[in-house]
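Everything numeric here is computed off the predicted structure, so don't read it as measured data.
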Amino acid sequence: MINLTIPKKKRNYIPQDLQIKWDNLEPILNELLVRPIENVNELEQWLKDKSELEAALEEDFAWRYIKMSCDTANESLVKDFQYFATEIEPKISPVANQLNQKFNDSPFIDELDHDKYFVFIRAIRKAIEIYREENVELLTKLQVTQQKYQSITGAMSVTINDQEYTLEQAANFIKDPNREVRQQAWETIQQRRLVDKDELNILFDELVAMRHQVALNAGFENYRDYMFQALGRFDYTPQDCYHFHEAIEKQIVPILKEQAASRAESLGIEVLKPWDMDVSTTGKPALKPFKDGADLIDKSIDCFNAINPQLGQMLATMKANNLFDVESRKGKAPGGYNYPLAETGAPFIFMNSANSLRDLTTMVHEGGHAIHTFLTANLELNDFKHCPSEVAELASMSMELISMDNWHIYFSNEEDLIRAKKEQLVDVLKTLPWVAVIDQYQHWIYTNPGHNAADREEAFKQIYARFGAGFTNWDGLEKEFGNVWQKQLHLFEVPFYYIEYAIAQLGAIAIWKNYKENPEKALQQYLAALALGYSKPINEIYETAGIKFDFSLSYVEQLATFVKDELQKLG
């Protein structure tokens with residue numbers, strides 16, 4: 001019998017029962033600040049001790065965030081989160097900068113293993129470079145303010161056929177073969193979103209103003225340029241992003257336009273409207289790959305087990321330790337995530353399941369992140385586990401595609417299985433223009449900080465139209481068209497975290513291409529790359545995975561052609 005309980009990690013430096021309160025933390029931080037370091041071994045021990053404290057702090061914060069997002073209406077949970085954000089983080093931030101300075105000033109830093117610590121030292125020096133004391137309070141305020149998005153959107157629900165649904169649940173009606181049903185559902189959802197449009201615009205204005213000030217304080221012209229440094233984007237520039245957008249426009253948008261024309265023909269309609277894009281062209285009801293949240297978890301464990309028993313055990317361990325919350329319900333924050341628990345070494349998966357194919361892909365996506373968390377759990381320093389999003393999303397998006405070979409676990413009917421794979425591959429292509437839209441929109445927002453809500457809406461319409469605007473006709477739906485951006489949580493809560501999805505999507509297609517040619521070797525390379533955490537530069541991690549870190553026009557064309565060919569094989 002395999003033991004599925006997660007053993008509590010033994011602490012070697014901080015007290016086993018440390019309560020996360022400033023009075024308890026201050027003496028530990030002070031000890032790290034004043035401790036004499038006489039040689040390179042003592043420097044490495046100091047790093048390990050600091051890392052142990054950071055892991056405990058991260059896990060405490062993680063649970064506060066998880067509990068709050070599971071129940072956004074619970075004021076006590078919101079206050080617990082805000083306590084950390086307002087009472088702990090602002091006091092730790094200046095000390096963390098002093099600790100970074102102490103490390104950087106150590107005469108023994110050059111004696112550290114260069115290959116092992118290169119990425120870590122580079123990140124520390126960048127953090128020192130952009131740190132400003134006057135930003136501590138602002139960043140705290142941002143942390144609290146941006147969480148209002150969850151409270152506003154988590155409270156959204158609609159009534160359809162005299163029954164109340166969350167927006168995620170209601171979205172299933174947009175897949176109904178009856179066009180009137182799906183149009184009414186789409187309009188009902190959009191009308192509900194428009195109710196809070198002004199409130200969310202006011203919130204976003206606040207966030208933009210604060211973020212711009214953070215950038216100015218740190219000596220940058222705009223928040224875009226600040227974030228490229230803060231996110232540690234050492235491997236590409238804003239200009240590279242613009243070139244990537246162009247490659248997507250030239251190579252992906254035409255394929256999706258072709259598919260949209262084919263969709264209209266299959267549905268027997270002349271003009272596609274937004275409510276026509278998620279319904280199956282087979283005329284059959286939406287796919288239902290599982291019965292409920294428990295069934296989704298169990299089937300996903302079986303799916304991962306079929307890929308590799310070690311992977312299945314990881315998800316089974318999470319289930320045994322109640323590390324899932326997958327059902328959609330009112331008062332729960334929107335979206336889905338995998339939150340690593342830095343000390344425990346396992347993650348928590350959060351999502352809003354409404355029994356759709358999208359939920360299946362969300363689960364295997366977050367499951368890919370979960371595998372990454374387990375594989376990096378025993379890396380020596382907590383910082384080695386802090387992967388940039390270009391690597392983190394490679395883990396998750398690759399798993400969406402690798403797992404498809406075992407989707408028969410969700411679909412016993414061969415016809416449904418083929419249909420699910422086709423829908424997934426179309427979604428893979430659709431991801432790229434949407435990422436380009438959101439990324440380019442963020443570039444515009446933060447390089448034009450003096451804009452107002454009307455300017456923002458107009459800019460979004462122009463950018464969205466350039467990338468196909470969902471490949472539908474929006475005539476008569478101008479209000480809804482200009483408000484589509486508000487559904488994207490990342491814009492409110494994690495600015496500039498989005499282009500990584502497109503970069504990683506290309507990488508995932510390349511890994512899947514390798515997997516189809518040699519499953520055993522490709523899986524081994526994929527897992528080896530994830531196990532590196534962030535101990536190597538991004539391009540080396542991609543090389544370990546057997547692929548290139550590349551988003552050039554020719555590479556986009558090559559991988560888009562491969563996906564298109566795979567779609568044609570499915571018929």
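The environment of NZ in Lys141 is sparse: at most 12 heavy-atom neighbours from other residues, nucleotides or ligands sit within 6.0 Å.
Figure legend: Arg122 and Phe234 shown as a cation-pi pair, the cationic atom lying under 6.0 angstrom from the six-membered ring centre and within 45 degrees of its axis. A cation-pi arrangement is absent between Lys421 and Trp512, since the terminal nitrogen or guanidinium carbon is not both under 6.0 Å from the aromatic centre and inside a 45° cone about the axis.
Of the charged side-chain nitrogens involved, none lies within less than 4.0 Å of a carboxylate oxygen, so that Glu168 and Lys332 do not count as a salt-bridged pair. Residues Asp427 and Lys430 are paired through a salt bridge, judged by an N-O separation under 4.0 Å between the basic side chain and the carboxylate.
Side chains of Gln191 and Glu187: a donor-acceptor N/O pair is absent below 3.5 angstrom, by distance only. No side-chain N or O of Asp359 forms a donor-acceptor pair with one of Thr362 less than 3.5 Å apart. When only modelled atom types and interatomic distance are considered, Gln229 and Glu129 share no side-chain donor-acceptor pair under 3.5 Å. Side-chain N/O atoms of Tyr339 and Ser69 include no donor and acceptor closer than 3.5 Å. In summary, the side chains of Gln488 and Tyr441 do not present any donor paired with an acceptor at a separation below 3.5 Å, with no hydrogens or angles considered. With hydrogens and angles left out, the side-chain atoms of Ser396 and Glu393 include a donor and acceptor closer than 3.5 Å. For Glu54 and His386, the side-chain atoms include no donor-acceptor pair closer than 3.5 Å.
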- List the steps and the verdict of salt bridge (Lys or Arg N to Asp or Glu O under 4.0 Å) for Arg182 and Asp278. CA-CA 9 Å; Arg182 59 182 190 264; Asp278 290 328; over 6 Å; no
- Using the salt bridge (Lys or Arg N to Asp or Glu O under 4.0 Å) rule, take Glu457 and Lys197 through it: C-alpha gap first, then chi angles, then the decisive distance, then the call. CA-CA 11 Å; Glu457 186 170 317; Lys197 174 185 174 180; 3.0 Å; yes
- Evaluate the criterion salt bridge (Lys or Arg N to Asp or Glu O under 4.0 Å) for residue pair Glu517 and Lys513; output intermediate values, then yes/no. CA-CA 7 Å; Glu517 291 163 7; Lys513 186 171 181 288; 3.5 Å; yes
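Using a 4.5 Å cut-off on side-chain heavy atoms (C-beta onward), Phe471 and Lys257 make contact.
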